[in-house]
Amino acid sequence: MIGLDPVHHKMVLAYTTQDSKCGLEVSGDNGQSWQSMPFPADPGPTPGVPYHNCSDPAVAVGPDGTIYAAGGWWDQPTGPADYYNIYVSRSSDGGQTWSAPVFATGDKDAVDIVALGRNTGHSDRAFMTVDNSTGTVYVSAADFPRNQRWIVASHDKAATFGKPQAIDSADYPEAGGEPLGDYIPSSANGILAISYVAGPASTGSACPCNIFETSTDEGVSWTRHSTPVAANWTAADPANPGHFAILSGAGLSASTSNPDYLVISTTFDYGETWSTPQLVGQTPANQRYQPWINFSPQGLLGVGYKTVYGTSVNSDTYDYWSALSCDGGLSFSAPLRISGNVSGPEPAGGDDFSFVALDNSHLYAGWGDMRASPTDPTPGSRSVFFGSVPVSTYTSQSGTRMSCPR
């Protein structure tokens, strides 16, 4: 995941290594060079337990330039038997020094999590977002079978976190089970938002249905609206209150009815109405995989994704592409390839998401790649690749240069 700190002019990138550790890189020159840092949100090993593994690292930046890093720590060799807890650390000096890690949520919260109603009490898959106006830090997790996702909030820069709040309700229960459940929250202008697919309810609600919901009280209560897209990804626009974009795509833990394209819809009124869904993906049609969507502080909307030349990244080649919207998601540029070349197939496991972040001048992307280096297409070990594209490089679908407002 990529975080941009405009106060200290730093960029932070978090990732998981091939030996199940979390890593952190800091750049002061827009990604031209990187400084490796020990992962700060590390609580240390459990006494007497031989495993100390980390996954699902996340970074986010608050409105005052505070950088937050989060990681899910587990002490067993594999998923269903592990003991998974999410810790968060913060930096107020551009990533050079960090606070002691603080527990946010996880299996230590089992009593409160089970009390949410349809939860096994065993946690997985951390996400984090920070509100651009309030500075509230949100950490989200799901139980391992993906029956129910929840959110915790901090109002003191991740020094403490509140009780877990479910994203669903008895009237609109989350349609659980893989590959669903990995729903990504976003927050801006004091509004927390997330999308999910709701299943049938005993109360007789007309579901299965696609839900977009917002909360002003950290998930204690939600205002829900139906959407034209069964989305896993949500992005909140910092520049325009009420404006959100949702994305449906294929991923390790996300399914879609249209795997050859990203399907994106936007709302300008907190979810009451939605735009006609836009399809993003270059010709010819191929599987688009591991997408991410994000707004710049000025309201530019960017997406990134892998294009797979076959049926799976585990058996076929792929490369990395992006697209930009200057009108809030009502239309998109022609897709633009960032990776420069194709990667060979990657082994299963260990590469779950790709990411994009934007500022006023560039789209930045990070993804897993099997090439020896960005300039050497021969097979190598899996590495995190980084790319940046000037906003001025994108063209319209007809090939004319786009003019995005700044």
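In this text the structure is predicted, and so the values were computed from the model without any measurement.
The shortest side-chain heavy-atom distance between N314 and P347 does not fall under the 4.5 Å cut-off. The shortest distance between side-chain heavy atoms of F244 and S195 does not fall below 4.5 Å. S265 has its side chain within reach of P228: a pair of non-hydrogen atoms, C-beta onward, lies under 4.5 Å apart. At a threshold of 4.5 Å between non-hydrogen side-chain atoms, the residues P238 and F295 count as touching. Side-chain contact between I184 and I194 is absent, with no heavy-atom pair separated by less than 4.5 Å. For the pair Y87 and V102, the minimum side-chain heavy-atom distance is 4.5 Å or more. Put simply, the side chain of Q282 does not reach to within 4.5 Å of the side chain of R337, judged on heavy atoms. Residues R146 and D124 meet the side-chain proximity criterion, which asks for heavy atoms closer than 4.5 Å.
Under the 3.5 Å distance criterion, the side-chain polar atoms of D131 are matched with a main-chain donor or acceptor of A188. Using modelled atom types, no side-chain atom of S325 and backbone atom of F332 make a donor-acceptor pair closer than 3.5 Å. Formation of a donor-acceptor pair under 3.5 Å by the N232 side chain with backbone atoms of D182 is found in this model. The closest donor-acceptor contact from the side chain of S187 to the backbone of T129 lies at 3.5 Å or more, if one exists at all. Distance alone, capped at 3.5 Å, places no donor-acceptor pair between the N189 side chain and the I191 backbone. The backbone N or O of L192 sits nowhere less than 3.5 Å from a side-chain atom of T214 that would complete a donor-acceptor pair. A donor-acceptor distance shorter than 3.5 angstrom exists from the side chain of S133 to the backbone of G190, with no hydrogens or angles considered. Between the S186 side chain and the A236 main chain, a donor and an acceptor come within less than 3.5 Å of each other. Remark: the backbone N or O of K108 is paired with a side-chain donor or acceptor of N85 at under 3.5 angstrom. Under a 3.5 Å cut-off, the side chain of S373 and the backbone N or O of D376 do form a donor-acceptor pair.
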With side chain to side chain donor-acceptor pair (under 3.5 Å) as the criterion, how do D75 and Y84 come out once you've worked through the C-alpha distance, each side chain's angles and the decisive distance to 0.1 Å? CA-CA 7 Å; D75 57 8; Y84 181 100; over 6 Å; no
Quick one: do H225 and F212 satisfy ring-ring contact (aromatic ring centres under 6.0 Å, His included)? Show the steps, please. CA-CA 5 Å; H225 297 282; F212 170 83; 7.3 Å; no
I2/V59 under side chain to side chain contact (heavy atoms under 4.5 Å, CB included): CA gap, chis, key distance, verdict: CA-CA 6 Å; I2 300 171; V59 291; 5.6 Å; no
Given the rule in the ring-ring contact (aromatic ring centres under 6.0 Å, His included) test, do Y305 and Y289 qualify, once you have shown the distances and angles that lead to the verdict? CA-CA 6 Å; Y305 57 93; Y289 191 67; over 10 Å; no
Mind running ring-ring contact (aromatic ring centres under 6.0 Å, His included) on Y270 and H243 for me, showing each step along the way? CA-CA 6 Å; Y270 300 94; H243 182 207; over 10 Å; no
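For residues 295-347, every residue pair satisfying the disulfide bond (SG atoms under 2.5 Å apart) rule, not counting sequence neighbours, is listed here: C326-C404. Pairs passing the disulfide bond (SG atoms under 2.5 Å apart) check and including a residue from residues 216-295, sequence neighbours excluded, do not occur. For residues 222-294, no residue pair satisfies the disulfide bond (SG atoms under 2.5 Å apart) rule, not counting sequence neighbours.
Nearest heavy-atom pair across V229 and S248 is CG1-CB, 3.3 Å. When every heavy atom of V342 is checked against every heavy atom of R371, the shortest pair comes out as O-CD, 3.3 Å. The minimum heavy-atom distance between N341 and P377, with the atom names listed, is ND2-CB, 3.7 Å. Contact detail for I151 and P185: the closest heavy-atom pair is CD1-CB, 4.2 Å. Taking each heavy atom of G302 and V356 in turn, the nearest pair found is O-CG2, 3.9 Å. Of all heavy-atom pairs between D327 and S331, the closest is OD2-OG, 2.6 Å.
Classification of K157 and D64 as a salt-bridged pair holds, one side-chain N sitting under 4.0 Å from a carboxylate O.
Every residue two or more places apart in sequence or in another chain that forms a side chain to side chain donor-acceptor pair (under 3.5 Å) with W150 is listed here: T105. Remark: D143 engages no residue in a salt bridge (charged side-chain N to carboxylate O under 4.0 Å, His left out) (not counting sequence neighbours). Every residue was checked against the side chain to side chain donor-acceptor pair (under 3.5 Å) condition with T283, not counting sequence neighbours, and none meets it.
Taken from CG in L358 to CG in L300, the straight-line distance is 6.5 Å, to the nearest 0.5 Å. Atom-to-atom distance recorded for H52:NE2 and K21:NZ is 6.5 Å, nearest 0.5 angstrom. K10 NZ to S91 OG: the interatomic distance, rounded to the nearest 0.5 Å, is 9.5 Å. Interatomic distance, S296 OG to L4 CG, rounded to the nearest 0.5 Å: 10.0 Å. The distance from atom CE of M11 to atom CG of L13, rounded to the nearest 0.5 Å, is 9.0 Å. In this structure, R401 CZ and T393 OG1 are separated by 6.5 Å, a value rounded to the nearest 0.5 Å.
Between the side chains of Y318 and E346, a donor-acceptor pair is found at a separation under 3.5 Å. One side chain, E25 or S36, offers a donor N or O that lies under 3.5 Å from an acceptor on the other. Side-chain N/O atoms of S55 and T16 include no donor and acceptor closer than 3.5 Å. T256 and N258 are not linked by any side-chain donor-acceptor pair at a separation below 3.5 angstrom, with hydrogens and angles left out of the test. Looking only at atom types and distance, the side chain of D107 has a donor-acceptor partner in the side chain of H122 under 3.5 Å away. Residues T307 and R288 have side chains that bring a donor and an acceptor to within less than 3.5 angstrom of each other. Of the N and O atoms on the side chains of W222 and S169, not one donor lies less than 3.5 Å from an acceptor on the other residue. In the model, Y172 has no side-chain atom that pairs as donor or acceptor with a side-chain atom of E213 under 3.5 Å. Checking D369 against S383 by side-chain atom types alone, no donor-acceptor pair falls below 3.5 Å. No side-chain donor from either of S140 and Y183 sits under 3.5 Å from a side-chain acceptor of the other.
Aromatic ring pairs are classed by plane angle as parallel below 30°, tilted from 30° to 60° and perpendicular above 60°; the pair F386 and W34 is perpendicular. In this structure, W292 and W233 have perpendicular ring planes: the angle between them is above 60°, well past the 30° mark.
Checked against Y196 for a side chain to side chain donor-acceptor pair (under 3.5 Å), the options R224, Q148, R149 give a single hit: R224. Each of D351, D319, D316 was checked for a salt bridge (charged side-chain N to carboxylate O under 4.0 Å, His left out) with K306, and the lone residue meeting it is D351.
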